[in-house]
Amino acid sequence: MSSAKLPIVVLSGPSGAGKSTLLKKLFANHPDTFGFSVSHTSRSPRDGEEHGKAYWFTDKDEFRKLVGEGKFIETAEFSGNLYGTSIQAVKDVQDRGRVCILDIEMEGVKQVKKTDLNETCTFIFVRPPSVEELRKRLEGRNTETPQSLENRLTQAEKELEFAETPGVHDKIIVNDDLAKAYDELEEHILSKIRGEN
Ligand SMILES: Nc1ncnc2c1ncn2[C@@H]1O[C@H](COP(=O)(O)OP(=O)(O)OP(=O)(O)O)[C@@H](O)[C@H]1O
């Protein structure tokens, strides 16, 4: 398939909704179909992180220069560091004949919608059945402090509200039963690749 026709899958949803779990399954079931773009970051590399593999590591000045040149699809700041997806990083995935998956948060989705790539993207939102269930999952994941848990839940409320805006997402998946949510995700993406929707 010509890379120009490959869709870009933009997956978003509150932290803990199950995006990584679903994507892991998608990649395992279709090992040659999908790819993640390599993001840029201004944070320092951690042990074992390779330039161009884990991230494109850059300093803040260079990062801002690239932003000014319009090289990014979306950028975000976390804990004082800049992160972003460049247009080139998405093209690199497409040039390998793969469907690029962007696992990004709400502000990133808003930015992508303002770019030329908007038309090529399919926007999928993964939501938990309820905020109470989301809390349980985040607690069960054992990755959060009480403070980071509250921060994530506050942010989740905002993301869920944003997702109510009509027309923002092409597909909203409620991740209640994992197998069912996966089937919905796979079906939507594969039919998009086949050019059916
Ligand atoms: N349908 C489900 N039912 C019950 N538990 C689930 C379900 N889907 C995912 N989980 C669990 O919920 C937790 C959060 O899932 P996951 O880490 O995939 O979320 P995420 O959206 O990728 O979060 P983040 O954006 O923080 O990376 C994990 O412990 C996962 O095993």
Side-chain angles (χ1 to χ4, degrees), residues 8-31 33-41 43 46 48-49 53-55 72-85 89-90 93 99-113 121-165 168-190:
I8 298 166
V9 174
V10 179
L11 193 70
S12 65
S15 170
K19 302 177 299 290
S20 312
T21 308
L22 289 164
L23 286 179
K24 212 171 143 200
K25 216 169 154 184
L26 187 70
F27 274 68
N29 288 345
H30 304 277
T33 306
F34 301 101
F36 281 120
S37 54
V38 178
S39 298
H40 280 64
T41 182
R43 83 152 163 74
R46 298 191 184 120
E49 283 186 338
K53 284 230 164 120
Y55 283 101
F72 281 93
I73 298 169
E74 54 88 32
T75 60
E77 190 166 345
F78 299 110
S79 332
N81 288 306
L82 301 168
Y83 294 82
T85 308
V90 172
V93 176
V99 172
C100 186
I101 306 249
L102 297 179
D103 177 354
I104 55 181
E105 48 110 67
M106 183 175 79
E107 293 307 323
V109 171
K110 290 180 189 169
Q111 293 176 40
V112 173
K113 285 186 172 286
C121 293
T122 185
F123 293 90
I124 306 174
F125 186 78
V126 179
R127 55 164 302 161
S130 65
V131 176
E132 296 76 59
E133 174 62 21
L134 185 65
R135 176 186 287 276
K136 277 191 208 146
R137 287 185 193 169
L138 283 169
E139 282 170 351
R141 200 170 66 172
N142 279 326
T143 51
E144 307 307 317
T145 63
Q147 186 58 55
S148 73
L149 179 69
E150 291 315 316
N151 292 346
R152 279 173 201 262
L153 290 173
T154 306
Q155 181 60 26
E157 307 260 12
K158 289 185 198 155
E159 302 235 356
L160 291 167
E161 200 185 314
F162 172 63
E164 299 288 324
T165 320
V168 166
H169 298 101
D170 298 298
K171 178 85 185 161
I172 295 183
I173 296 173
V174 180
N175 179 19
D176 189 354
D177 177 74
L178 183 61
K180 189 169 160 283
Y182 176 77
D183 286 347
E184 274 184 55
L185 178 76
E186 186 185 59
E187 167 55 26
H188 177 80
I189 294 175
L190 295 184

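Note: hydrogens, waters and symmetry copies are ignored here, and every other heavy atom, side chains too, is used. Atoms within a ligand are numbered from 1 in the order they appear, just like the ligands themselves.
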Subject >> Atoms in ligand 1 with a heavy atom of P14 nearer than 4.0 Å >> reply: 21 (O)
Original post:
Would K136 and E132 pass as an ion pair if we require N to O under 4.0 Å?
Top reply: no
Subject >> Under 4.0 Å to a heavy atom of S15 - the qualifying atoms of ligand 1, by number >> reply: 23 (O), 24 (P), 25 (O), 26 (O)
**OP:** From atom 24 (P) of ligand 1, work out which of K136, E139, R141 has a heavy atom at the shortest distance.
**Re:** R141
Quiz: residues 100-112 side-chain donor-acceptor pairs under 3.5 angstrom, not counting sequence neighbours:
residue	atom	partner	partner atom	Å
E105	OE2	E107	N	3.4
E107	OE2	K110	NZ	3.4
Q111	OE1	T75	N	2.8
Q111	NE2	T75	O	3.0

Subject >> Option set R137, E105, Q155, K25, criterion heavy-atom distance to atom 3 (N) of ligand 1, minimum >> reply: R137
List, one per line, each side-chain donor-acceptor pair under 3.5 Å for residues 15-30, sequence neighbours excluded.
residue	atom	partner	partner atom	Å
S15	OG	R152	NH1	2.7
K19	NZ	G13	O	2.8
K19	NZ	P14	O	3.1
N29	ND2	Y182	OH	3.0
H30	NE2	E186	OE2	2.7

Original post:
Distance under 6.0 Å and angle within 45° of the ring axis: does K171 meet both against F125?
Top reply: no
Original post:
Does any N or O atom in E133 lie less than 3.5 angstrom from one in ligand 1, N or O only?
Top reply: no
Subject >> Minimum heavy-atom distance S37-T85, with the two atoms named >> reply: OG-CG2, 3.6 Å
Original post:
Which atoms from ligand 1 have a heavy atom of T21 less than 4.0 Å away?
Top reply: 9 (C), 15 (O), 16 (P), 18 (O), 30 (C)
**OP:** Give yes if a backbone or side-chain nitrogen or oxygen of G140 is under 3.5 Å from a nitrogen or oxygen of ligand 1, and no if not.
**Re:** no
**OP:** Give the atoms of ligand 1, by number and element, whose distance to some non-hydrogen atom of L178 is under 4.0 Å.
**Re:** 1 (N), 8 (N)
Original post:
With atoms numbered from 1 as shown, which atoms in ligand 1 lie under 4.0 angstrom from a non-hydrogen atom of N175?
Top reply: 1 (N), 2 (C), 7 (C), 8 (N), 9 (C)
**OP:** Within a distance under 4.0 Å of any heavy atom of D176, pick out the atoms of ligand 1 and give their elements.
**Re:** 1 (N), 2 (C), 3 (N)
Original post:
Looking at ligand 1, does G16 have a heavy atom less than 4.0 Å from it?
Top reply: yes
Original post:
Does E184 come within less than 4.0 Å of K180, counting only side-chain N to carboxylate O?
Top reply: yes
